[in-house]
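To start, the structure itself, in structure tokens.
Numbers for residues simply follow the sequence, beginning at 1.
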Amino acid sequence: MRQYSGAEPAHREAIYRLYMSRTARINNWDLVDCSAEHIVGAHLRDGKRSLLLRLAKSKVLWERRIAIMATFHYVKHADFDDTLRVARLLRDDPHDLIHKAVGWMLREVGKRSRAVEEEFLQQHAQRMPRTMLRYAIERFPRGLRRRYRLMPAEVARVVALGASNLTRGSSCGRTRPS
């Protein structure tokens, strides 16, 4: 990573190409988290970031994690679009290592712009896996964290009770005490 940042453009290109040609050899989160931002994110900063979307759709866990972690480079420069785009694609990912990475990057967005993070959460929190949501809201004030944590439970409760309970005077799917 240090070699990449201090290298001439041709050498940076070679490092990037080598990294991308060896993604099949990446086998743990630490390798991704220590490198994706500095190599993939930095390399694509002024280039075609569509590769991030391709990686996010990969069947390979580590390539999906590279996609979201590479966006950390942009987040640090207050450029959130690609992070949010990749987070949307990965929202329903089945793997907890993706949930943690997406939640982490959303939290990083929120450190720089709470409004941007909350706008994303207002659209997606109800469908986000608990771990992803928990990571994303970790730095929110207690009451706001609680509101977001309860949000998916309330939606699930309403769905489980069905719309008929809502039409009989219940509030948010809760039945009135007898």
Side-chain angles (χ1 to χ4, degrees), residues 1-125 127-140 148:
M1 292 157 303
R2 290 183 192 141
Q3 269 190 341
Y4 183 90
S5 64
E8 296 294 320
H11 193 140
R12 283 197 307 267
E13 178 70 26
I15 291 170
Y16 167 77
R17 288 187 183 282
L18 178 65
Y19 184 91
M20 293 308 297
S21 71
R22 300 286 193 255
T23 60
R25 295 184 179 265
I26 294 173
N27 61 5
N28 71 67
W29 60 266
D30 192 39
L31 288 173
V32 173
D33 295 1
C34 291
S35 61
E37 156 195 6
H38 304 290
I39 296 173
V40 178
H43 194 78
L44 298 177
R45 182 164 188 211
D46 299 321
K48 294 184 179 180
R49 296 186 192 175
S50 59
L51 172 69
L52 297 173
L53 303 180
R54 185 178 63 78
L55 289 170
K57 294 174 185 176
S58 174
K59 293 181 185 204
V60 179
L61 165 68
W62 307 115
E63 289 184 353
R64 296 193 312 271
R65 189 157 174 124
I66 288 169
I68 190 66
M69 293 308 300
T71 69
F72 200 4
H73 185 81
Y74 317 131
V75 169
K76 288 179 176 179
H77 293 91
D79 180 357
F80 310 128
D81 292 343
D82 289 298
T83 303
L84 301 176
R85 196 172 296 119
V86 172
R88 273 190 292 277
L89 284 174
L90 295 174
R91 183 194 64 207
D92 298 321
D93 195 279
H95 205 287
D96 70 317
L97 290 174
I98 299 300
H99 302 169
K100 292 173 183 180
V102 171
W104 175 16
M105 289 304 101
L106 291 172
R107 183 177 66 235
E108 292 298 328
V109 167
K111 286 180 183 178
R112 291 149 180 91
S113 174
R114 170 78 65 80
V116 170
E117 182 184 12
E118 284 209 58
E119 183 179 340
F120 182 89
L121 291 175
Q122 287 168 6
Q123 295 173 16
H124 300 281
R127 292 189 54 201
M128 288 169 67
R130 299 284 291 171
T131 301
M132 185 184 294
L133 180 61
R134 196 175 68 241
Y135 273 57
I137 63 174
E138 188 176 272
R139 293 186 179 256
F140 282 16
Y148 276 108

Charged N-O contact under 4.0 Å between Arg65 and Asp93: no

Side chains of Ile15 and Arg12 in contact at under 4.5 Å (non-hydrogen atoms): no

No-hydrogen, no-angle side-chain donor-acceptor test under 3.5 Å, Tyr4 and His43: yes

Ring-face cation of Arg114 near Phe140 (centre distance under 6.0 Å, axis angle within 45°): yes

Any side-chain heavy-atom pair of Val86 and Leu55 under 4.5 Å: no

Separation between CZ of Arg54 and CG of Leu51, rounded to the nearest 0.5 Å: 5.0 Å

Sequence neighbours excluded and cut-off under 3.5 Å, please list the side-chain donor-acceptor pairs for residues 68-75, or say none.
unit_1: Thr71; atom_1: OG1; unit_2: Ile68; atom_2: O; d: 2.6
unit_1: Thr71; atom_1: OG1; unit_2: Thr83; atom_2: OG1; d: 3.0
unit_1: Tyr74; atom_1: OH; unit_2: Gly41; atom_2: O; d: 3.0

Leu31 side chain near Trp62 side chain, heavy-atom distance below 4.5 Å: no

Salt bridge (Lys or Arg N to Asp or Glu O under 4.0 Å) pairs, two or more places apart, involving residues 15-31: Glu13-Arg17

Electrostatic pair Glu117:Arg112 at N-O distance under 4.0 angstrom: no

Close side-chain approach of Ile66 and Val60, heavy atoms under 4.5 Å: no

Shortest non-hydrogen contact from Leu133 toward Ala125: CD1-CB, 4.0 Å

Distance-minimising heavy-atom pair for Ile39 and Tyr19: CD1-CD1, 3.8 Å

Ser113 side chain to Gly110 backbone, donor-acceptor under 3.5 Å: no

Smallest separation among heavy atoms of Ala136 and Met128, with atom names: CB-CE, 4.4 Å

Met20 and Val40, any side-chain heavy atoms less than 4.5 Å apart: yes

Flag side-chain contact, heavy atom, 4.5 Å: Phe80 against Glu108: no

Validation row: Arg85, Arg49 side chains within 4.5 angstrom (heavy atoms): no

Contact check, side chains of Thr131 and Lys100, non-hydrogen atoms, under 4.5 Å: yes

Residues Leu106, Tyr135; criterion side chain to side chain contact (heavy atoms under 4.5 Å, CB included); working and verdict: CA-CA 8 Å; Leu106 291 172; Tyr135 273 57; over 6 Å; no

